[in-house]
Amino acid sequence: MSLTKTFLSATAALALTAGSALADGPAIIYDLGGKFDKSFNESAFGGATRWAEESGEEFAEFEITSDAQREQAIRRFAEAGNNPIVMAGFSWATPLSEAAGDYPDTKFVIIDMVVDAPNVRSVVFNEHEGSYLVGMLAAEASETDTVSFVGGMDIPLIRKFACGYAQGVLAVNPDATVISNMTGTTPAAWNDPVKGSELTLSQIGQGSDVVFAAAGGTGIGVLGTAADEGILSIGVDANQNYLYPGQVLTSMLKRVDNAVYEAFAAGDGVEVGFNVMGVANEGVGYALDEFNSDLVTAEMQAMVDEAAASITSGELMVHDYMSDETCPVLEF
């Protein structure tokens with residue numbers, strides 16, 4: 001199946017590491033926002049890069065610039081012989097569902113959504129668990145008893161982050177106030193740092209002194225404004241502590257990099273089916289490093305680690321918004 005001239009002109013050429021040929025080996029297709037979004041996509045890129053550095057092999061990659069490119073990008077890599085093909089982001093579900101059946105010998109991996117097909121590995125995360133842990137830290141760090149959340153696109157997945165965060169906050173401080181705002185209702189909400197900044201300023205005006213951003217590239221505006229205004233922030237997906245040393249309380253780690261690394265390492269033998277990454281298998285967690293070591297005390301760390309152990313054992317169950325689209329502690 002050949003691609004249309006529209007697709008070729010819109011995408012120019014598929015970007016490849018080290019100029020590798022468009023055949024064999026794994027491939028990754030990033031979501032809107034690009035691989036250097038300092039968040040979700042960049043974490044995926046990090047996993048691919050780690051695999052390449054350790055294996056000495058190369059991978060193909062492509063950054064879409066519009067939704068119209070999704071299915072065509074999947075088909076181009078499949079027809080070129082790349083295997084497995086990894087897609088970062090829930091928005092790949094529909095195009096993958098359309099294309100996967102035409103390439104039964106190709107393994108596909110989708111992150112953040114489930115596609116029920118015999119040649120697809122679906123990787124989802126217990127974001128609510130990791131968000132609960134950073135919510136506990138936010139409550140401990142807050143001096144105003146008011147913390148906040150800025151989400152990207154208003155979808156159940158991002159409400160899942162917010163709900164887990166609020167549960168963690170209130171577990172530590174039942175009297176705390178949690179403010180929650182979403183950036184928008186379209187994919188543009190993932191890459192609007194100006195709107196992220198505006199929302200953060202509004203939340204600061206309402207008393208927030210710790211803000212958690214789960215908003216892709218929009219979150220960069222949240223973290224920057226928080227630093228400028230002298231409040232703490234919490235990063236997401238990748239470790240964003242380094243962006244504003246001493247001002248990012250922590251980052252809710254969503255190990256997209258591990259999901260990509262493991263898929264690449266398995267090659268065309270990657271196991272298909274449903275895969276969940278949570279606290280128990282280190283799929284989510286919180287970041288502690290030299291950039292936030294002065295902000296997270298030993299007591300705070302012990303508190304969160306104890307909660308993580310309870311989540312792992314099943315003693316502590318964090319409500320998952322996506323299980324019933326309700327949140328017991330936060331209204332949307």
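A chain of hydrophobic side-chain contacts below 4.5 Å, direct or via other Ile, Leu, Val, Met, Phe, Trp or Tyr residues, connects Val304 to Val279. Residues Ile158 and Met322 share a hydrophobic cluster, clusters being chains of Ile/Leu/Val/Met/Phe/Trp/Tyr side chains in contact below 4.5 Å. Hydrophobic clustering, with ILVMFWY side chains joined whenever heavy atoms are under 4.5 angstrom apart, groups Val169 together with Phe212. Grouping the Ile, Leu, Val, Met, Phe, Trp and Tyr side chains by contacts below 4.5 angstrom, directly or via other members, places Phe40 with Leu157. Residues Met153 and Met113 share a single hydrophobic cluster, defined by chaining ILVMFWY side chains whose heavy atoms lie under 4.5 Å apart.
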Passes salt bridge (Lys or Arg N to Asp or Glu O under 4.0 Å), Lys254 versus Glu127? Steps please. CA-CA 7 Å; Lys254 178 175 173 178; Glu127 293 94 349; 2.7 Å; yes
After noting the C-alpha distance and the side-chain angles of Asp102 and Arg75, does the key distance pass the salt bridge (Lys or Arg N to Asp or Glu O under 4.0 Å) rule? CA-CA 9 Å; Asp102 293 337; Arg75 293 184 180 278; 2.9 Å; yes
Would you sort out whether Val109 and Val123 count as a side chain to side chain contact (heavy atoms under 4.5 Å, CB included), showing the intermediate values? CA-CA 7 Å; Val109 179; Val123 182; 4.1 Å; yes
Between Ser233 and Tyr244, does the side chain to side chain contact (heavy atoms under 4.5 Å, CB included) criterion hold? Intermediate values first, please. CA-CA 9 Å; Ser233 62; Tyr244 298 96; 5.6 Å; no
Derivation and outcome, side chain to side chain contact (heavy atoms under 4.5 Å, CB included), residues Met182 and Arg159: CA-CA 9 Å; Met182 300 293 180; Arg159 292 187 176 196; 3.8 Å; yes
Yes or no on side chain to side chain contact (heavy atoms under 4.5 Å, CB included) for Arg70 and Ser91, after CA distance, side-chain angles and deciding distance? CA-CA 9 Å; Arg70 293 185 187 275; Ser91 295; 3.4 Å; yes
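You'll find the side chain of Ile204 reaches within 4.5 Å of the side chain of Ile231, heavy atoms only. Contact check for Asp67 versus Leu32: side-chain heavy atoms found under the 4.5 Å cut-off. The closest side-chain heavy-atom distance from Ile74 to Leu96 is below 4.5 Å. Here the side chains of Ile28 and Val260 are in contact, with some heavy-atom distance below 4.5 Å. Counting heavy atoms from C-beta on, the side chains of Val211 and Val147 never come closer than 4.5 Å. For the pair Leu330/Val178, a side-chain contact is recorded, criterion being any heavy-atom separation below 4.5 Å from C-beta on. With contacts defined as side-chain heavy-atom distances shorter than 4.5 Å, the pair Leu232/Val248 does not qualify. A 4.5 Å side-chain heavy-atom check between Ile220 and Lys38 finds at least one atom pair inside the cut-off.
What you find for Ala44 and Ala88 is that their closest heavy atoms are CB-CB, 4.2 Å. Closest approach of Asn119 and Ala100 over heavy atoms only: ND2-O, 3.1 Å. Gly130 and Val284 get closest at one heavy-atom pair: N-CG2, 3.7 Å.
Side-chain atoms of Ser251 come within 3.5 Å of backbone N or O of Gln240 as a donor-acceptor pair. Under a 3.5 Å cut-off, the side chain of Asn181 and the backbone N or O of Val150 do not form any donor-acceptor pair. The main-chain N or O of Asn191 is found under 3.5 Å from a side-chain atom of Thr218 such that the two form a donor-acceptor pair. Judged by distance alone, with hydrogens and angles left aside, the side-chain atoms of Asn41 form a donor-acceptor pair with the main-chain N or O of Gly34 at under 3.5 Å. With hydrogens and angles disregarded, no donor-acceptor distance shorter than 3.5 Å links the side chain of Arg121 to the backbone of Gly273. Within the 3.5 Å criterion, the main-chain N or O of Gly47 finds no donor-acceptor partner in the side chain of Trp51. Side-chain atoms of Thr225 never come within 3.5 Å of backbone atoms of Val222 as a donor-acceptor pair (strictly under, hydrogens ignored). Side-chain N or O atoms of His319 include one that pairs as donor or acceptor with a backbone N or O of Thr326 at under 3.5 Å. Looking at Asn83, its side chain does come within 3.5 Å of a backbone N or O of Lys107 through a donor-acceptor pair. Formation of a donor-acceptor pair under 3.5 Å by the Ser43 side chain with backbone atoms of Ser39 is not found in this model.
Defined by atom type and a distance below 3.5 Å, a donor-acceptor pair is missing between the side-chain atoms of Asp320 and Asn126. Between the side chains of Asn258 and Arg50, at least one donor N or O sits under 3.5 Å from an acceptor N or O. Side chain to side chain, Ser148 and Gln203 meet the donor-acceptor criterion of an N or O pair below 3.5 Å. Looking only at atom types and distance, the side chain of Glu79 has a donor-acceptor partner in the side chain of Tyr103 under 3.5 Å away. Checking Thr65 against Gln69 by side-chain atom types alone, a donor-acceptor pair falls below 3.5 Å. A donor-acceptor pair shorter than 3.5 Å can be found between the side chains of Ser142 and Asp209.
Ring pair Phe77/Phe62 is perpendicular by interplanar angle, where above 60° counts as perpendicular and below 30° as parallel. In this structure, Tyr165 and Phe149 have tilted ring planes: the angle between them lies in the 30° to 60° band. Between Tyr30 and Phe45, the ring planes are perpendicular. Angles over 60° get that label, and only those under 30° would be called parallel.
Within a 6.0 Å sphere centred on CG of Asp116, heavy atoms belonging to other residues, nucleotides or ligands number 12 at most. The number of heavy-atom neighbours closer than 6.0 Å to CD of Gln206, taken from other residues, nucleotides and ligands shown, is above 12. No more than 12 heavy atoms of other residues, nucleotides or ligands shown are found within 6.0 angstrom of CD on Glu306.
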For residues 285-293, dump all side-chain donor-acceptor pairs below 3.5 Å to protein atoms at least two apart in sequence or in another chain.
{"from": "Tyr286", "atom 1": "OH", "to": "Asp305", "atom 2": "OD1", "distance (Å)": "2.8"}
{"from": "Asp289", "atom 1": "OD1", "to": "Asn241", "atom 2": "ND2", "distance (Å)": "3.3"}
{"from": "Asp289", "atom 1": "OD1", "to": "Phe291", "atom 2": "N", "distance (Å)": "2.9"}
{"from": "Asp289", "atom 1": "OD1", "to": "Asn292", "atom 2": "N", "distance (Å)": "3.4"}
{"from": "Asp289", "atom 1": "OD2", "to": "Asn239", "atom 2": "ND2", "distance (Å)": "2.9"}
{"from": "Asp289", "atom 1": "OD2", "to": "Asn241", "atom 2": "ND2", "distance (Å)": "3.4"}
{"from": "Asn292", "atom 1": "OD1", "to": "Asp289", "atom 2": "N", "distance (Å)": "2.8"}
{"from": "Asn292", "atom 1": "ND2", "to": "Leu249", "atom 2": "O", "distance (Å)": "2.8"}
{"from": "Asn292", "atom 1": "ND2", "to": "Ala287", "atom 2": "O", "distance (Å)": "2.9"}

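A salt bridge links Lys35 with Glu61: at least one charged nitrogen is closer than 4.0 Å to a carboxylate oxygen.
Note: Glu229 CD to Gln247 CD = 11.0 Å, rounded to the nearest 0.5 Å. Atom CE in Met252 sits 9.0 Å away from atom CZ in Phe125 (nearest 0.5 Å). The OG atom of Ser55 sits 9.5 Å away from the CZ atom of Phe264 when rounded to the nearest 0.5 Å. In this structure, Trp190 CH2 and Asp31 CG are separated by 8.5 Å, a value rounded to the nearest 0.5 Å. The line from CG of Asp37 to CG of Asp237 is 8.0 Å long, rounded to the nearest 0.5 Å. Expressed to the nearest 0.5 Å, how far CZ of Arg255 lies from CG of Leu253 amounts to 6.5 Å.
Cation-pi geometry between Lys160 and Tyr321 is not satisfied (NZ or CZ under 6.0 Å from the ring centre, within 45° of the ring normal).
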